[in-house]
There are 2 protein chains.
Amino acid sequence: MGRAALSPDAVVDLALRVVDEEGPDALTLSAVAGRAGVATPSLYKHVRSLAELRVLVSGRVMGELTEIASEAVLGRSGDEALRALMDGWRSYAARHPRRYSALIQAPRPETAEAGDRLIGIMFAALRAYGLEGSAAIHAVRCLRAAMHGFAVLEAAGAFRLAEDLDESHALLAHMVISGLHTARER
Amino acid sequence: MGRAALSPDAVVDLALRVVDEEGPDALTLSAVAGRAGVATPSLYKHVRSLAELRVLVSGRVMGELTEIASEAVLGRSGDEALRALMDGWRSYAARHPRRYSALIQAPRPETAEAGDRLIGIMFAALRAYGLEGSAAIHAVRCLRAAMHGFAVLEAAGAFRLAEDLDESHALLAHMVISGLHTARER
DNA sequence: CTGAAAGGCTAATGGCATTAGCCAATGCGC
DNA sequence: GCGCATTGGCTAATGCCATTAGCCTTTCAG
């Protein structure tokens, strides 16, 4: 084996740095190669294409989000778990806005496993509400939509007014929670 | 003036067609030029750059969304108005998923006016709840997050299970509404 | 009828992804 | 210690795209 200064993981590390510092649109093979101190075509020894690199980056971000989410839910249940999950999610996105923007929504086989774990955590966070079958699925979808919507907008800087974002987010959590508590008699 | 076969608006029309048929990533000056039956550089007589074209496309989409939203709210109030707004929003995004994905979140001066009108409609939809000052702003943010999150995920095909999406969306609306009704005593 | 501007064109430049094919170092099996 | 396959780097070449420069024709205002 030649000297392994680089590896697929190392390439993804560098890619994440590019994303964090210059935004997702600046994620380019030549930018990564520049940071690696290597000629662009050399990256193809570690990564199949730019498209694949994007998927790998997205997978890494999903993994980080999964870690945050599972810590948030651990040892909590019910409203408390849900609030912690939502807060953790939001704070990750706020701390790493460009990274969050690099998340790929469209389902891809390569990130399916990471995505499923994330969804699994949401199900777990909702366990205390005793939702059966379809009801749990609808609830997870709504939770996902709420968290993702808020995160995307905040990351993009779309909330321009001075009002406290923590308070806005607390209201969002309240909506989800109160909606779940009153979902039966709809 | 030379024969005006093309115009900025016409270019945006063609761009929208490209987006609808091939997705936002396929929006390229040369693709638009191809459809216009014109050489790529000729487009620069109508549009400053690809970046500007994207902004124009986004503005057009915002305009369409504004129209849908204002129709939905017209003549309704309270829960009914809110549900109609959310349904209209979702159905636009579902009908034109790629177009919806071409919406630019980051605030830009060029689309500020269109964006403000859209926000204005959300405020109007919430009028019946009697929210004062900051409370209204937090509510609009949450409404936006919920609608946008659901729309993005649905447009990206991120909801993969067979469960009825109408029902999921109805639950989301229920969350927003019930959260608003119980927001005082938080 | 004239001339200026509008709107099209071709040519040229430079960034980027990707492919092909070359070469050096490395470390495994002997 | 040693040969050699593999690994991982390199350069060269291709092709697509955005963008700029500079030209030419058509059209319309006066």
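Proteins get letters first, then strands, A, B, ... in listed order; numbering begins at 1 in each. None of the values given here were measured: they were computed from a predicted structure.
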Checklist entry - Can you tell me how far C1' of dG7(C) sits from NZ of Lys45(B), to the nearest Å? => result 5 Å
Checklist entry - Taking only residues two or more places apart in sequence or in another chain, which ones pass salt bridge (charged side-chain N to carboxylate O under 4.0 Å, His left out) with Glu64(B)? => result Arg99(B)
Checklist entry - Taking the six-membered ring for Trp, are Phe150(B) and Phe159(B) parallel (under 30°), tilted (30 to 60°) or perpendicular (over 60°)? => result tilted
Checklist entry - Do the side chains of Leu74(A) and Met147(A) join up, straight or via other hydrophobic residues, at under 4.5 Å, putting them in one cluster? => result no
Item to check | For DNA chain D, the residues among residues 46-61 of chain B that have a non-hydrogen atom under 4.0 Å from it | outcome: Ser49(B), Leu50(B)
Checklist entry - Would you call Arg141(A)-Glu154(B) a salt bridge at under 4.0 Å N-O? => result no
Next on the checklist: Closest approach to the side chain of Ser42(B), judged atom by atom: which nucleotide of dT20(D), dG8(C), dG9(D) is it?
Outcome noted: dG8(C)
Item to check | Evaluation steps, side chain to side chain contact (heavy atoms under 4.5 Å, CB included), between Met86(B) and Trp89(B) | outcome: CA-CA 5 Å; Met86(B) 290 183 73; Trp89(B) 191 287; 5.6 Å; no
Checklist entry - Salt bridge or not for Arg90(B) and Asp166(B), using N-O below 4.0 Å? => result yes
Checklist entry - Of the candidate nucleotides dT11(D), dG9(D), dT19(D), which contains the atom at the shortest distance from the side chain of Pro41(A)? => result dT11(D)
Checklist entry - Any luck finding a side-chain donor-acceptor pair between Ser178(A) and Ser178(B) under 3.5 Å? => result yes
Item to check | Donor-acceptor under 3.5 Å (Ser168(B) side chain, His138(A) main chain) | outcome: no
Atom pairs and distances, donor-acceptor, side-chain atoms in residues 102-116 of chain A, under 3.5 Å, two or more places apart:
from: Gln105(A); atom 1: NE2; to: His148(A); atom 2: NE2; distance (Å): 3.2
from: Thr111(A); atom 1: OG1; to: Arg108(A); atom 2: O; distance (Å): 3.3

Item to check | Close approaches to DNA chain C from residues 8-39 of chain A, in residue order (heavy atom, under 4.0 Å) | outcome: Thr28(A), Leu29(A), Ser30(A)
Checklist outcome for this item: Computed from five pairs at either end and rounded to 10 degrees, the angle between the axes of the helix from dC1(C)-dG30(D) to dC30(C)-dG1(D) is 10°
Checklist entry - Rounded to whole angstrom units, what separation is found between the OH atom of Tyr44(A) and the P atom of dT11(D)? => result 16 Å
Item to check | Between dG9(D) (P) and Leu43(A) (CG): distance, integer Å | outcome: 8 Å
Next on the checklist: So does Arg54(B) get a backbone contact from the side chain of Ser58(B), meaning a donor-acceptor N/O pair under 3.5 Å?
Outcome noted: no
Checklist entry - Looking at residues at least two apart in the chain, or sitting in another chain, which of them share a salt bridge (charged side-chain N to carboxylate O under 4.0 Å, His left out) with Arg17(B)? => result none
